[in-house]
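The residues of the chain are indexed from 1 along the displayed sequence. Reckoned from all heavy atoms, side chains included, excluding hydrogens, waters and symmetry mates.
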Amino acid sequence: MAVRLPKSVLTQAGIGNSPTTFDITVNNKKEIILKKREKPESLKELFKDFDYKKYWADWNKEHPGESKEIDWGRPVGREKF
């Protein structure tokens with residue numbers, strides 16, 4: 001399903017041709033509310049709520065005894081290590 005919005009509405013909301021992400025909610029009156037998600041200014045802002053200790057604890061539960069390193073295979077070109 002899709003929703004089409006007039007260009008005038010998009011212009012008022014400051015939405016141009018670049019891809020835009022929205023948070024969508026429905027209130028108790030069954031009204032759909034779209035809120036434009038702003039892009040983070042920095043990596044620090046992007047990961048401000050990221051809990052790396054929880055991430056690795058969950059990873060270790062799902063992959064017990066596995067190495068965290070990824071095996072990319074043998075070099076196939078002129079890579080130097």
Side-chain angles (χ1 to χ4, degrees):
M1 299 182 95
V3 176
R4 297 183 85 178
L5 300 172
K7 186 174 182 177
S8 59
V9 172
L10 296 173
T11 301
Q12 276 185 314
I15 300 166
N17 291 332
S18 62
T20 306
T21 305
F22 295 94
D23 290 321
I24 303 170
T25 56
V26 179
N27 66 14
N28 57 1
K29 296 180 184 179
K30 304 291 186 208
E31 297 170 325
I32 298 170
I33 301 167
L34 299 175
K35 184 176 179 185
K36 182 177 159 186
R37 192 178 297 167
E38 298 296 327
K39 291 183 181 178
E41 296 287 323
S42 64
L43 281 176
K44 186 175 184 175
E45 185 181 339
L46 178 64
F47 289 100
K48 70 179 178 191
D49 296 323
F50 181 71
D51 183 354
Y52 73 92
K53 290 180 181 178
K54 180 182 179 317
Y55 175 84
W56 287 118
D58 291 346
W59 191 93
N60 284 327
K61 286 178 191 173
E62 293 174 18
H63 306 91
E66 283 186 39
S67 172
K68 292 178 179 79
E69 294 184 20
I70 297 173
D71 181 7
W72 296 98
R74 298 175 49 86
V76 294
R78 296 185 304 195
E79 297 95 336
K80 293 190 181 198
F81 295 93

J.: Any link between Tyr55 and Leu43 through a network of hydrophobic side chains (Ile, Leu, Val, Met, Phe, Trp, Tyr) touching at under 4.5 Å?
T.: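 In one cluster with Tyr55: Leu43, yes.
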
J.: I'd like to know whether CZ of Phe50 has more than 12 heavy-atom contacts from other residues, nucleotides or ligands below 6.0 angstrom.
T.: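 Counting neighbours around CZ of Phe50, more than 12 heavy atoms of other residues, nucleotides or ligands fall under 6.0 Å, so yes.
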
J.: So how far is it from Thr21 OG1 to Glu38 CD, rounded to the nearest 0.5 Å?
T.: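 Rounded to the nearest 0.5 Å, the OG1-CD separation comes to 10.5 Å.
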
J.: Hey, what do you get for CG (Asp23) to CZ (Arg37), rounding to the nearest 0.5 Å?
T.: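 Taking CG in Asp23 and CZ in Arg37, the distance rounds to 4.0 Å.
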
J.: With a 6.0 Å cut-off (strictly less than), is the heavy-atom count around CZ of Phe22, excluding the residue itself, greater than 12?
T.: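 Yes - once you tally the heavy atoms of other residues, nucleotides and ligands closer than 6.0 Å, there are more than 12.
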
J.: Is there a path of hydrophobic side-chain contacts, each under 4.5 Å between heavy atoms of I, L, V, M, F, W or Y residues, that connects Ile15 with Val3?
T.: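 Same cluster: Ile15 reaches Val3 through Ile, Leu, Val, Met, Phe, Trp or Tyr contacts under 4.5 Å.
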
J.: Check the hydrophobic clustering (I, L, V, M, F, W, Y; side-chain heavy atoms under 4.5 Å; chains of links allowed) and say if Ile32 and Leu5 are grouped together.
T.: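 Same cluster.
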
J.: Are any side-chain N or O atoms of Lys68 and backbone N or O atoms of Trp56, one a donor and one an acceptor, separated by less than 3.5 Å?
T.: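 Checking the backbone N and O of Trp56 against the side chain of Lys68, no donor-acceptor pair under 3.5 Å is found.
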
J.: With side chains defined as the heavy atoms from C-beta onward, is the minimum distance between Lys36 and Thr20 less than 4.5 Å?
T.: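 Yes, at least one pair of side-chain atoms sits under 4.5 Å.
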
J.: Would one find more than 12 heavy atoms of other residues, nucleotides or ligands at under 6.0 Å from atom CD1 of Ile33?
T.: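 Yes, CD1 of Ile33 has more than 12 neighbouring heavy atoms, counting only those of other groups under 6.0 Å.
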
